[in-house]
Amino acid sequence: MSSSTPSRRSLFEALSSASLGIAATALIAREVKAAPPEETHGEQLESFKFDIENQKGWVGEAGSAKEATVAEFPVSQSIAGVSMRLEPGAIRELHWHALAAEWAYVLEGRCRTTVISPNGQAEVSEFEPGDTWYFPRGHGHAIQGLGPGVCHFLLGFDNGHFSEFGTFSVTDWIAHTSPHILTRNLLLPESAFTQFPKKEVYIGPGKLPAHALENVRNADLQPSQAQHKFRLDQLTPHVFEGGQERIVSSREFPIQTTLTAVRMDLKPGALREMHWHPHADEWQYYVKGGARVTIFGSHGRVRTEEFKAGQVAFIKQGYGHYIEQTGDEPTELLILFNSGIYEEISLSAWLGANPASLLSDNFGISADLVDRMPRKSAGISAKRG
Ligand SMILES: [Fe+2]
Ligand SMILES: [Fe+2]
């Protein structure tokens with residue numbers, strides 16, 4: 001804010017000391033113009049729900065992909081998601097993302113990835129349900145379905161604009177490079193390049209690798225982590241009365257510097273308590289079961305949406321929110337935050353961090369009522385009654 005912009009206090013003083021003259025009217029006009037869009041009174045909160053699994057998306061013989069980028073889900077500026085399926089042997093071809101880091105969680109089946117880091121380090125890893133990967137922005141990678149059956153994984157990106165102009169595929173580059181350069185660079189005769197794809201492959205068929213990496217006999221000794229891999233479901237959860245949470249930030253998975261990933265499990269009737277995240281947006285994907293999410297966007301603006309499996313939610317940084325589990329079956333969701341450091345403040349912890357007399361005055365209630373309110377976070381509370 002520039003020094004010529006009036007503060008709220010000076011606006012208040014101008015309004016209260018002067019009658020509504022020209023000077024005050026001009027002040028109001030300048031104040032309204034200076035206010036960020038979030039603070040415009042009376043404006044409704046935009047939709048924070050998207051039905052990703054209900055889209056057609058990209059479909060090919062070897063797999064499919066359904067996207068939730070800003071093109072499909074405008075509120076989700078900082079995080080994008082893709083639900084991808086690969087047939088056994090199918091290859092999500094060699095590519096990199098110029099605008100975003102990529103995270104993934106395997107929901108079903110098995111796959112193998114290859115990735116190269118800028119220091120030349122190569123890594124080949126295999127993934128099962130509950131395992132995650134993180135490829136920093138620009139690291140070249142590929143994914144192959146290992147069978148048996150389809151491998152289904154959820155991809156998350158730390159930029160809602162990652163897709164358009166942001167994904168660079170090896171076949172696309174080669175198809176658009178002149179043969180005399182390719183001959184010099186790739187050491188093949190020009191005639192060889194007539195066999196290469198004429199455009200981007202994206203997802204194509206492939207043969208299953210001859211050898212699967214064999215696990216060691218003691219599953220407890222299976223490494224929980226490689227440089228780009230983290231076995232999220234193996235992490236010891238935080239357990240609450242109404243459910244549990246596994247939180248993987250850069251503390252647990254050092255390379256994951258721009259995202260924090262959470263698997264949350266809610267028992268029937270549970271309440272994920274009222275809270276906010278001071279420095280990150282929150283993106284949710286519902287794997288199983290249902291929930292009702294309510295957000296609070298200041299100035300009296302609230303919005304509630306119902307979610308079921310295959311749907312995505314987006315909650316802006318700093319917005320208050322809570323999750324009510326719905327339905328008779330437990331609810332499972334995956335959550336991403338666009339920061340490698342996890343932070344939250346809950347309403348109950350905040351109330352515990354204030355003197356009783358101040359709360360009594362703030363709410364205009366008796367000391368007895370203040371005494372009955374929580375002093376610390378409940379996290380996920382159990383069904384009442
Ligand atoms: Fe990718
Ligand atoms: Fe949250």
Side-chain angles (χ1 to χ4, degrees), residues 48 58 63 65 67 69 79-84 86 91-106 111-116 127 132-144 153-159 162-163 166-172 200-203 228 238 240 243 245 247 249 259-264 266 270-286 291-297 307 313-325 333-339 342-349 377-380:
F48 67 97
W58 186 97
E67 292 192 342
T69 72
I79 302 178
V82 177
S83 174
M84 189 171 282
L86 297 178
I91 295 164
R92 169 71 184 96
E93 69 165 319
L94 300 176
H95 68 283
W96 74 94
H97 306 284
L99 303 178
E102 170 178 320
W103 168 91
Y105 178 95
V106 177
C111 64
R112 178 183 287 189
T113 66
T114 69
V115 58
I116 186 164
F127 296 81
T132 66
W133 68 72
Y134 181 88
F135 301 147
R137 184 174 65 196
H139 289 210
H141 57 277
I143 311 159
Q144 183 167 35
F153 45 92
L154 180 70
L155 296 164
F157 298 87
D158 61 0
N159 186 335
F162 94 97
S163 183
T167 293
F168 293 67
S169 295
V170 69
T171 50
D172 190 19
E200 181 183 17
V201 167
Y202 189 52
I203 295 172
H228 295 87
H238 302 277
F240 305 99
E245 265 186 331
I247 302 177
S249 68
L259 293 169
T260 291
V262 179
R263 174 182 164 165
M264 185 183 288
L266 300 171
L271 173 69
R272 172 67 178 91
E273 68 176 326
M274 298 162 81
H275 68 284
W276 71 95
H277 307 283
H279 78 320
D281 296 322
E282 173 171 346
W283 187 91
Q284 306 175 339
Y285 174 90
Y286 285 84
R292 183 182 305 119
V293 180
T294 301
I295 62 173
F296 166 58
F307 292 87
F314 184 84
I315 301 157
K316 287 183 182 177
Q317 173 184 326
Y319 276 39
H321 56 284
Y322 55 90
I323 307 173
E324 297 167 271
Q325 196 281 343
L333 64 152
L334 295 166
I335 302 174
L336 287 176
F337 297 94
N338 65 331
S339 170
Y342 181 73
E343 279 187 353
E344 72 166 77
I345 297 177
S346 69
L347 177 59
S348 49
S377 293
I380 303 166

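All heavy atoms count here, side chains included; hydrogens, waters and symmetry mates do not. As the structure lists them, so they are numbered: ligands from 1, and atoms in each ligand from 1.
- Across Glu93, Arg92, Glu102, a single residue satisfies side chain to side chain donor-acceptor pair (under 3.5 Å) together with His141, and that is Glu102.
- A donor atom on one side chain and an acceptor atom on the other are found under 3.5 Å apart for Tyr342 and Glu344.
- His97 contributes atom NE2 as its closest N/O/S atom to the Fe ion (ligand 1).
- Here the side chain of Ser346 pairs a donor or acceptor atom with the backbone of Ala349 at under 3.5 angstrom.
- Closest to the Fe ion (ligand 1) among the N, O or S atoms of Glu102 is OE1.
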Next item on the list: List the steps, then state whether ring pair (Phe, Tyr, Trp, His ring centres under 6.0 Å) holds for Phe135 with His97.
Entry: CA-CA 9 Å; Phe135 301 147; His97 306 284; 8.8 Å; no

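- Here the protein contributes His275 NE2, His277 NE2, Glu282 OE1, His321 NE2 as N, O or S atoms under 2.8 Å from the Fe ion (ligand 2).
- Between the side chain of Asp158 and the main chain of Leu259, no donor-acceptor pair closer than 3.5 Å is present.
- In the model, His277 has a side-chain atom that pairs as donor or acceptor with a side-chain atom of Glu282 under 3.5 Å.
- The closest donor-acceptor contact from the side chain of Arg292 to the backbone of Phe307 lies at 3.5 Å or more, if one exists at all.
- Among the heteroatoms counted here (N, O or S) of His141, NE2 is the one nearest to the Fe ion (ligand 1).
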